[in-house]
Chemist: 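Encoded as structure tokens, here's the structure I'll be asking about.
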There are 2 protein chains.
Amino acid sequence: MDNTRGSGESLLFLTDAHLRRGIEAMFFAYRGFTADPDRILADHGYGRAHHRAVHFINRTPGTTVNNLLAILGVTKQSLNRVLRTLIEDGLVESRVGRRDKRERHLFLTDKGAALESELSEAQRARMRAAFRDAGPQAVAGFRAVLEAMMDPEQKHQFDAVQEVSE
Amino acid sequence: MDNTRGSGESLLFLTDAHLRRGIEAMFFAYRGFTADPDRILADHGYGRAHHRAVHFINRTPGTTVNNLLAILGVTKQSLNRVLRTLIEDGLVESRVGRRDKRERHLFLTDKGAALESELSEAQRARMRAAFRDAGPQAVAGFRAVLEAMMDPEQKHQFDAVQEVSE
DNA sequence: CATATTACGTCAGCCTTGTTGACATTCCAA
DNA sequence: TTGGAATGTCAACAAGGCTGACGTAATATG
């Protein structure tokens with residue numbers, strides 16, 4: 001009866017079979033998670049790396065390159081290559097910092113915002129359908145498990161990004 | 001009060017802010033999900049593609065190349081490159097089919113099983129910690145949302161793999 | 001039996017996206 | 001003024017996707 005974190009807790013949900021099922025669910029679900037954006041990106045000649053950059057620039061406008069590097073966890077050379085094409089194509093604007101002129105602050109142009117919107121609407125649509133199917137309690141559990149799965153550093157970045165929207 | 005799928009259901013959990021949070025949680029959590037195996041793989045000179053192959057060969061021993069292609073959703077050229085190195089390195093054995101000699105049935109050798117075990121134990125450890133932190137109800141929700149997020153084809157593959165263990 | 005199809009392997013070439021290492025520039029801060 | 005931080009850039013490389021083409025063996029089908 002008491003399956004909800006007590007002293008008499010049943011730990012049947014921690015068997016290897018359950019863990020394996022969770023692992024495989026992550027694998028297949030992540031493919032679904034990226035499928036719609038991938039199609040859109042391919043139409044525009046971009047890849048997932050562009051999506052990630054555009055997403056987080058939209059999320060925290062004016063963010064610096066270093067900031068973005070910390071969030072994305074890639075090398076500056078990798079990010080720079082992506083950023084360069086986005087700037088050349090007029091999706092991202094890079095402004096020299098007013099206080100610290102070494103820093104570049106990144107913003108989406110209207111064109112960049114349009115792509116971001118297209119991508120995120122597709123991704124939200126799938127997430128919305130999944131959330132609706134599963135129900136609010138399931139969604140709470142979904143989030144709890146995902147947050148517990150992050151590395152401390154990743155969790156820190158995640159929390160930092162969430163704070164922006166408050 | 002009634003937030004659990006009824007006619008008077010509250011849909012506050014479907015706001016864009018909640019969806020966005022779910023999307024970002026998937027992004028950061030997937031990094032955690034792959035972090036431990038990635039480290040182990042790097043030590044052995046392999047990549048994620050090898051992990052995936054080894055995982056599913058272990059899961060359904062004797063599976064054919066075509067079968068594996070359907071599960072992994074890559075081209076045969078991509079899979080073949082990975083499979084070739086695994087066979088050369090003595091982690092995977094490829095046996096010509098008895099009934100249909102065109103088919104190759106794939107098996108892990110002891111060496112392959114050892115790597116698989118090392119990888120999956122690391123991944124299970126993280127999943128176990130996350131499951132334990134979040135509790136059984138959360139785990140149920142986690143799975144429900146992930147399964148709802150899969151494409152129909154992916155869901156089919158997922159279900160097929162789950163059936164093996166019954 | 002002849003032919004089509006399937007399963008698999010392989011060669012060649014291309015792209016994205018990650019990596020290291022090296023080096024230049026700009027500019028803040030001690 | 002000088003050290004170090006932030007940024008950009010060049011070169012080279014690797015993993016792992018992709019397409020297209022071709023070959024071979026074996027099965028399925030007419």
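Naming convention: chains lettered A, B, ... in sequence-line order (proteins, then strands); numbering from 1 in each chain.
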Chemist: Any donor-acceptor pair under 3.5 Å linking the side chain of B/Thr63 with the backbone of B/Ile57?
Modeler: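 Not at all, since once roles are kept as given, no pair shorter than 3.5 Å links the two residues.
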Chemist: Do NZ/NE/NH1/NH2 and the carboxylate oxygens of B/Glu147 and A/Arg21 come within less than 4.0 Å?
Modeler: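 The answer is yes: the pair qualifies as a salt bridge.
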Chemist: Does the side chain of A/Glu118 pick up a donor-acceptor pair with the side chain of A/His44 at under 3.5 Å?
Modeler: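 Side chains of A/Glu118 and A/His44: pair found under 3.5 Å.
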Chemist: I need the NZ-C1' distance between B/Lys101 and C/dT6, as an integer number of Å.
Modeler: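 Between C1' of C/dT6 and NZ of B/Lys101: 16 Å.
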Chemist: Name all residues meeting the ring-ring contact (aromatic ring centres under 6.0 Å, His included) criterion together with A/Tyr46; count only those two or more places apart in sequence or in a different chain, and write none if there are none.
Modeler: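 Checked A/Tyr46 against ring-ring contact (aromatic ring centres under 6.0 Å, His included); matches are A/His50.
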Chemist: From CG of A/Asp38 over to C1' of C/dT17, roughly how many Å is that when rounded to an integer?
Modeler: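 One finds 13 Å between C1' of C/dT17 and CG of A/Asp38, rounded.
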Chemist: Could you check how far CG of B/Leu41 sits from P of C/dT19, rounded to whole Å?
Modeler: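 Going from B/Leu41 (CG) to C/dT19 (P), I get 16 Å.
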Chemist: Show every ring pair (Phe, Tyr, Trp, His ring centres under 6.0 Å) that has at least one partner inside residues 114-147 of chain B, sequence neighbours left out.
Modeler: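 Counting only pairs at least two positions apart or across chains, the ring pair (Phe, Tyr, Trp, His ring centres under 6.0 Å) contacts touching residues 114-147 of chain B are B/Phe131-B/Phe142.
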Chemist: According to the salt bridge (charged side-chain N to carboxylate O under 4.0 Å, His left out) rule, which pairs have a member within residues 46-62 of chain A, sequence neighbours left out?
Modeler: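 As it turns out, the salt bridge (charged side-chain N to carboxylate O under 4.0 Å, His left out) pairs with a partner in residues 46-62 of chain A, which skip direct neighbours, are A/Asp38-A/Arg48, A/Arg59-B/Glu24.
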Chemist: List in numerical order all residues of residues 72-97 of chain B for which some heavy atom is under 4.0 Å away from an atom belonging to DNA chain D.
Modeler: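 The answer is B/Gly73, B/Val74, B/Thr75, B/Gln77, B/Ser78, B/Arg81.
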Chemist: So how far off straight is the helix from C/dC1-D/dG30 to C/dA30-D/dT1, going by the axes through five pairs at either end, to 10°?
Modeler: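 About 20° separates the two local helix axes.
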Chemist: Aromatic rings B/Tyr30 and A/Tyr30: how do their planes relate, parallel, tilted or perpendicular, breaks at 30° and 60°?
Modeler: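 Answer is parallel, since the angle falls under 30°.
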Chemist: Under the side-chain hydrogen bond (donor to acceptor under 3.5 Å, both in side chains) test, which residues partner B/Arg81, sequence neighbours left out?
Modeler: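 Per chain and number, B/Arg81 pairs via side-chain hydrogen bond (donor to acceptor under 3.5 Å, both in side chains) with no residue.
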Chemist: What residues form a side-chain hydrogen bond (donor to acceptor under 3.5 Å, both in side chains) with A/Arg126, not counting sequence neighbours?
Modeler: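 With neighbours one apart ignored, the set is A/Asp36, B/Asp151.
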Chemist: Among residues 50-71 of chain A, which contact DNA chain D at a heavy-atom distance under 4.0 Å?
Modeler: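 Here the set is A/Thr64, A/Val65, A/Asn66.
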Chemist: Give me each pair satisfying side chain to side chain donor-acceptor pair (under 3.5 Å) with a member in residues 71-80 of chain B, each pair once, sequence neighbours excluded.
Modeler: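 Residue pairs passing side chain to side chain donor-acceptor pair (under 3.5 Å), neighbours aside: B/Asn80-B/Arg84.
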Chemist: Using heavy-atom distances to pick each residue's nearest nucleotide on DNA chain C, tell me which of A/Arg104 and A/Gly45 is more 5'.
Modeler: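 This one resolves to A/Gly45.
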Chemist: List for me each residue that meets side-chain hydrogen bond (donor to acceptor under 3.5 Å, both in side chains) alongside B/His156, sequence neighbours excluded, and say none if there are none.
Modeler: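 Listed in chain order: nothing, the list is empty.
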Chemist: Taking only residues two or more places apart in sequence or in another chain, which ones pass side-chain hydrogen bond (donor to acceptor under 3.5 Å, both in side chains) with A/Glu153?
Modeler: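 Result, side-chain hydrogen bond (donor to acceptor under 3.5 Å, both in side chains) vs A/Glu153: none returned.
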Chemist: Which value, rounded to the nearest 0.5 Å, describes the distance between B/Arg20 atom CZ and A/Asn58 atom CG?
Modeler: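 Going from CZ on B/Arg20 over to CG on A/Asn58, the span is 9.0 Å.
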Chemist: Could you tell me the boundaries of the chain A footprint on DNA chain D, defined by atoms under 4.0 Å from its heavy atoms?
Modeler: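 Nucleotide range in contact with chain A: D/dG4 to D/dC10.
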